Amino acid sequence: MSKGLSFAERMSRAGTETAFEVFAMAKEIEKKGSDVVHFEMGEPDFDTPEHIKNAAIQALKDGFTHYTPAPGIPELREAIAEHLNAKFSVDIDPNNEIVVMPGAKPGLFMGILAIVNSGDEVIMPNPAFPIYESVVNIVNGVPIPIPLKEENDFRLNPEDVRSKITDKTKMIMLNSPHNPCGSSLLKGEVQELAEIVRENDLWVMSDEIYSDIIYDGEHHSMLFEPGMKERCVLIHGFSKSYAMTGWRLGYAVGNPDIISRITKLQINISSCPNAFSQKAAIEALKGPQDCVTEMVSEYKKRRDAIVDGLNSIKGIGCKLPTGAFYVFPNIKDTGMKSRELMEHFLHNARVAALHGDAFGSYGEGYMRFSYATSLDNINKGLERIKESMEKL
Ligand code: PLP
């Protein structure tokens with residue numbers, strides 16, 4: 001008798017990214033002939049800068065179309081080390097302390113897979129990028145959520161982290177600038193978190209993929225706090241800074257023990273990152289940086305417009321974010337649940353935004369808008385929302 005086809009039990013614990021679900025719902029509406037204003041996807045609307053594309057085209061023409069060394073080509077690792085060393089006055093060894101991967105996401109996945117055992121507790125902000133909780137659950141770890149409070153400008157409070165440490169705590173996940181809240185940790189907070197990590201002999205995984213998109217103040221990297229080179233896995237990449245989401249290229253930086261393990265996993269999963277994307281990434285880091293400055297200054301204009309616009313709508317209150325390209329307005333005074341409002345915006349205003357609880361239970365009462373879209377779209381979307389809220 002057939003046992004029936006079944007799946008690994010771990011799959012029941014895997015989460016997903018709701019952005020893709022809402023995007024699909026919006027596409028259904030568009031298929032029926034209505035247009036939708038998109039605020040749901042977290043990806044730059046800018047095209048990859050021309051000089052970066054040209055570097056990839058040249059690499060293809062030069063026959064750079066084969067496997068590369070598993071941790072990425074040495075020239076790219078050297079360029080990453082130079083970039084980080086210059087930016088943060090540190091001393092990263094490109095040969096043993098960097099692995100290049102097909103995106104930042106594989107770094108999160110492989111890093112967690114290499115560090116977290118069944119039953120280990122991983123402290124993480126909530127709301128947060130949903131993949132953190134999903135991957136920790138896949139490996140049978142225990143996500144320990146720390147609520148991000150609006151009254152603390154959605155920044156992780158180190159004292160809240162300290163209060164959740166137990167003898168099972170293995171790692172702290174950080175994300176600054178933050179998706180979905182747009183908040184950024186202050187220097188003092190990064191220092192205090194580093195102290196907690198050192199005192200309790202923990203790992204810290206610091207997802208700093210938005211660190212080039214910062215509007216007020218400076219980015220403070222966890223990796224560069226004393227003693228953190230031994231304990232921190234820095235996750236970064238090219239997707240957001242250089243509008244390169246489709247190139248699938250990111251990297252992890254850490255001590256040689258964790259980097260060699262991530263590299264081993266990479267050999268098991270993908271052998272190496274994409275060859276010609278790596279050539280493009282060298283150009284991204286070594287070429288002119290005004291493309292980044294220009295994109296950030298455009299995002300800033302959009303941030304100001306969307307914050308002002310949302311604050312002018314009854315029932316919605318929106319803080320001014322300091323980084324990334326997201327706003328996380330409070331919608332509690334609308335009297336609706338986040339998911340209900342997401343559906344209302346989609347069907348009655350033809351605006352796609354994400355319900356806050358898609359980023360964890362403490363996101364209920366909020367919505368996430370990605371403002372990586374033109375000012376015209378932002379204004380159109382805001383007008384539609386305003387009109388739909390007046391009709392309620
Ligand atoms: N980390 C955060 C916080 C993100 O928001 C995203 C993408 O939305 C990623 C990682 C994934 O980056 P990549 O496209 O390089 O895999």
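A quick note: this is a predicted structure, and the numbers were derived from the prediction, not measured. We count ligands from 1, going down the list as the structure has it; atoms in each ligand are counted the same way. By convention here, the first residue in the shown sequence is residue 1.
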Which donor-acceptor pairs under 3.5 Å do side chains of residues 385-392 form with protein atoms, sequence neighbours excluded?
unit_1, atom_1, unit_2, atom_2, d
Lys386, NZ, Ser312, OG, 3.2
Ser388, OG, His344, NE2, 3.1
Ser388, OG, Ile385, O, 3.0

Output side-chain donor-acceptor pairs under 3.5 Å for residues 278-287, partner residues at least two apart or in another chain, one line each.
unit_1, atom_1, unit_2, atom_2, d
Gln278, OE1, Ile73, N, 2.7
Gln278, NE2, Thr68, OG1, 3.0
Gln278, NE2, Pro273, O, 3.2
Gln278, NE2, Asn274, O, 3.4

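Donor-acceptor pairing under 3.5 Å is recorded for the side chains of Glu150 and Asn330.
Each of Gly103, Ala104, Lys105, Phe129, Tyr132, Asn175, Asn179, Asp207, Ile209, Tyr210, Ser239, Lys240, Arg248 has a non-hydrogen atom positioned under 4.0 Å from some atom of ligand 1.
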Passes side chain to side chain donor-acceptor pair (under 3.5 Å), Asn54 versus Glu50? Steps please.
CA-CA 6 Å; Asn54 286 337; Glu50 213 55 30; 4.9 Å; no
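Taking a cutoff of 4.0 Å between a charged side-chain nitrogen and a carboxylate oxygen, Lys170 and Asp201 do not qualify as a salt bridge.
Looking at residues two or more places apart in sequence or on another chain, you find a side chain to side chain contact (heavy atoms under 4.5 Å, CB included) between Ser183 and Phe154, Arg155, His178, Cys181.
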